[in-house]
**Student:** 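Would you mind keeping the following structure in view while I ask a few things?
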Amino acid sequence: MGVPDEKIYPHATGAAEGTVAKHQEPQDLVFYAGWFCPFVQRSWITLEEKGIPYQYKEVNPYKKEPHFLAINPKGLVPAVEYKGRALYESLVLCEFFEEAFPSHKPQLLPSDPVDRAFARMWLDHISKEFIPAFQRLLQSQEADKQKEALQEFYEFLKKFGKNIKGPYFFGENFSLVDVAVAPFIVRDYILAENRSYKRSEAGSAWKAYADLVEKRDSVVKTQSLKEHLAEIYDRYLRDEAQSELAKATRSGRVAP
């Protein structure tokens with residue numbers, strides 16, 4: 001018997017569907033994606049920002065097709081095939097796109113080595129603090145646990161907000177730090193509708209930043225209609241999702 005998470009709308013919709021349609025021709029870079037996944041959206045935003053040629057292939061990671069497992073034994077999206085080699089992990093892919101396609105602009109990591117290290121430091125904070133806090137708030141069931149998780153989430157966002165140079169994290173230039181949080185910003189309406197979250201409660205810096213990031217062209221072009229996310233996130237809200245991220249959150253582990 002399959003897990004409920006297998007029942008996913010089969011393809012991207014809305015603006016993302018149009019983006020997919022433009023990337024069906026064979027290319028050296030094959031992008032294996034799931035339209036619904038925030039980690040996929042990170043890599044997808046990077047591809048669109050930089051204008052890198054790629055072929056988009058939709059996969060359902062819960063069905064573990066043999067060819068996809070050969071590419072990524074973890075069975076997770078995103079993954080790519082590039083000139084016969086397989087790579088995966090969303091932020092690893094984003095940095096790979098930076099290095100493998102240096103002529104494609106903009107550069108999403110700062111050129112200054114100190115700023116570049118600072119960006120990677122914040123990417124680590126996002127992986128170890130921001131995403132777990134987002135998920136705990138999403139999956140918590142008891143009212144007291146939800147309140148605790150909400151305050152924890154606000155604390156991180158306020159800390160993040162103090163480091164935003166404006167309008168984006170590093171100032172005028174959109175960066176990989178912005179890419180890393182963007183998919184969760186466009187999904188925070190779920191927290192607003194179900195967990196009493198308000199962007200304004202995290203501070204004016206965070207609200208202005210989030211309001212801007214969600215309107216970025218590359219973010220909009222990789223986003224599907226909310227109605228098809230509802231069934232997926234309803235399972236998270238009931239803490240019944242069986243994704244590796246959901247299971248890690250339940251066990252108190254960092255996202256895989």
Side-chain angles (χ1 to χ4, degrees), residues 14-16 19 37-50 90-91 93-95 97-98 105-112 114-138 149-224 226 229 233 245 254-255:
T19 305
C37 176
F39 299 99
V40 163
Q41 194 176 10
R42 285 171 156 182
S43 301
W44 202 2
I45 288 169
T46 302
L47 287 168
E48 286 296 315
E49 280 287 332
K50 298 178 75 64
S90 64
L91 293 178
L93 294 180
C94 291
E95 292 209 34
F97 299 151
E98 284 275 280
K105 307 296 181 183
Q107 293 298 120
L108 294 175
L109 281 170
S111 57
D112 178 79
V114 176
D115 282 344
R116 186 173 287 230
F118 191 72
R120 290 186 171 124
M121 184 177 77
W122 272 97
L123 291 172
D124 189 61
H125 291 329
I126 290 164
S127 296
K128 294 178 179 177
E129 299 177 53
F130 171 76
I131 295 173
F134 184 102
Q135 289 299 131
R136 278 192 288 274
L137 180 55
L138 182 67
L150 180 59
Q151 292 309 310
E152 177 190 10
F153 192 48
Y154 283 151
E155 285 175 16
F156 178 87
L157 297 182
K158 288 174 183 177
K159 180 172 70 172
F160 187 93
K162 289 178 182 178
N163 285 274
I164 296 170
K165 291 183 179 179
Y168 295 110
F169 189 81
F170 276 105
E172 294 296 329
N173 295 324
F174 192 70
S175 75
L176 193 51
V177 175
D178 307 309
V179 170
V181 296
F184 297 91
I185 288 173
V186 297
R187 288 163 174 78
D188 72 2
Y189 70 91
I190 299 163
L191 302 180
E193 292 173 358
N194 298 278
R195 296 292 188 261
S196 302
Y197 162 79
K198 295 180 181 178
R199 286 180 184 173
S200 58
E201 291 296 314
S204 58
W206 171 258
K207 185 180 186 307
Y209 171 80
D211 289 351
L212 178 68
V213 168
E214 71 177 353
K215 296 181 179 69
R216 182 84 177 181
D217 189 51
S218 60
V219 176
V220 172
K221 290 196 300 186
T222 54
Q223 184 71 5
S224 285
K226 291 179 180 180
L229 283 171
Y233 280 96
L245 178 58
V254 173

**Student:** Roughly how far, to the nearest 0.5 Å, is the CG atom of L245 from the CD atom of Q135?
**Tutor:** 4.0 Å
**Student:** Can you give me the closest heavy-atom contact between I126 and P132, atom names plus distance?
**Tutor:** O-CD, 4.2 Å
**Student:** What are the two closest non-hydrogen atoms of L176 and L123, and how far apart are they?
**Tutor:** O-CD2, 3.7 Å
**Student:** Which heavy-atom pair separates G171 from K165 by the least distance, and what is that distance?
**Tutor:** N-CB, 3.6 Å
**Student:** Are any of the side-chain heavy atoms of Y168 and R216 separated by less than 4.5 Å?
**Tutor:** yes
**Student:** Any side-chain heavy-atom pair from W206 and K158 closer than 4.5 angstrom?
**Tutor:** no
**Student:** Ring centroid separation for Y189 and Y197, is it under 6.0 angstrom?
**Tutor:** no
**Student:** Are E152 and L137 packed together at the side-chain level, in the sense that at least one heavy-atom pair is separated by less than 4.5 angstrom?
**Tutor:** no
**Student:** As a quick check of understanding, evaluate side-chain contact (heavy atoms from CB on, under 4.5 Å) for S175 and N173, giving each step before the final call.
**Tutor:** CA-CA 6 Å; S175 75; N173 295 324; 6.0 Å; no
**Student:** Using a cut-off of 6.0 Å, state whether more than 12 heavy atoms not belonging to K105 lie near its atom NZ.
**Tutor:** yes
**Student:** Ignoring hydrogens, what is the shortest heavy-atom contact between S90 and R42? Give both atom names and the distance.
**Tutor:** OG-NH1, 3.2 Å
**Student:** Is any side-chain heavy atom of S43 closer than 4.5 Å to one of F97?
**Tutor:** yes
**Student:** Look up atom CD in Q223 and atom CD in E214, then write down how far apart they are to the nearest 0.5 Å.
**Tutor:** 9.5 Å
**Student:** Could you tell me whether R116 and E98 have a side-chain N and a carboxylate O separated by less than 4.0 Å?
**Tutor:** no
**Student:** Does H125 reach the side chain of F160, with side-chain heavy atoms less than 4.5 Å apart?
**Tutor:** no
**Student:** Check K207 with D211, please: is the shortest side-chain N to carboxylate O separation under 4.0 Å?
**Tutor:** yes
**Student:** Quick one: do the D124 and S127 side chains pair a donor with an acceptor below 3.5 Å?
**Tutor:** no
**Student:** Any non-hydrogen side-chain atom of F118 less than 4.5 Å from a side-chain atom of D112?
**Tutor:** no
**Student:** Just so I know, are the side chains of Q107 and K50 near enough to count as touching, which here means a heavy-atom distance under 4.5 Å?
**Tutor:** yes
**Student:** Verify the ring-centre separation between F169 and F174: is it less than 6.0 angstrom?
**Tutor:** no
**Student:** For S196 versus Y154, what's the shortest heavy-atom pair and its separation?
**Tutor:** O-OH, 3.7 Å
**Student:** V181 and Y209: side-chain contact (heavy atoms from CB on, under 4.5 Å), yes or no, with the steps?
**Tutor:** CA-CA 11 Å; V181 296; Y209 171 80; 3.4 Å; yes
**Student:** I'd like to know if the side chain of T19 reaches the main chain of K221, judged simply by a donor and an acceptor atom lying under 3.5 Å from each other, with no hydrogens or angles considered.
**Tutor:** yes
**Student:** Below 4.5 Å, heavy atoms only, C-beta onward: do E201 and L157 meet side chain to side chain?
**Tutor:** no
**Student:** S218 and E49: which non-hydrogen atoms are nearest, and at how many Å?
**Tutor:** OG-OE2, 2.6 Å
**Student:** Centres of the F130 and F184 rings: under 6.0 Å?
**Tutor:** yes
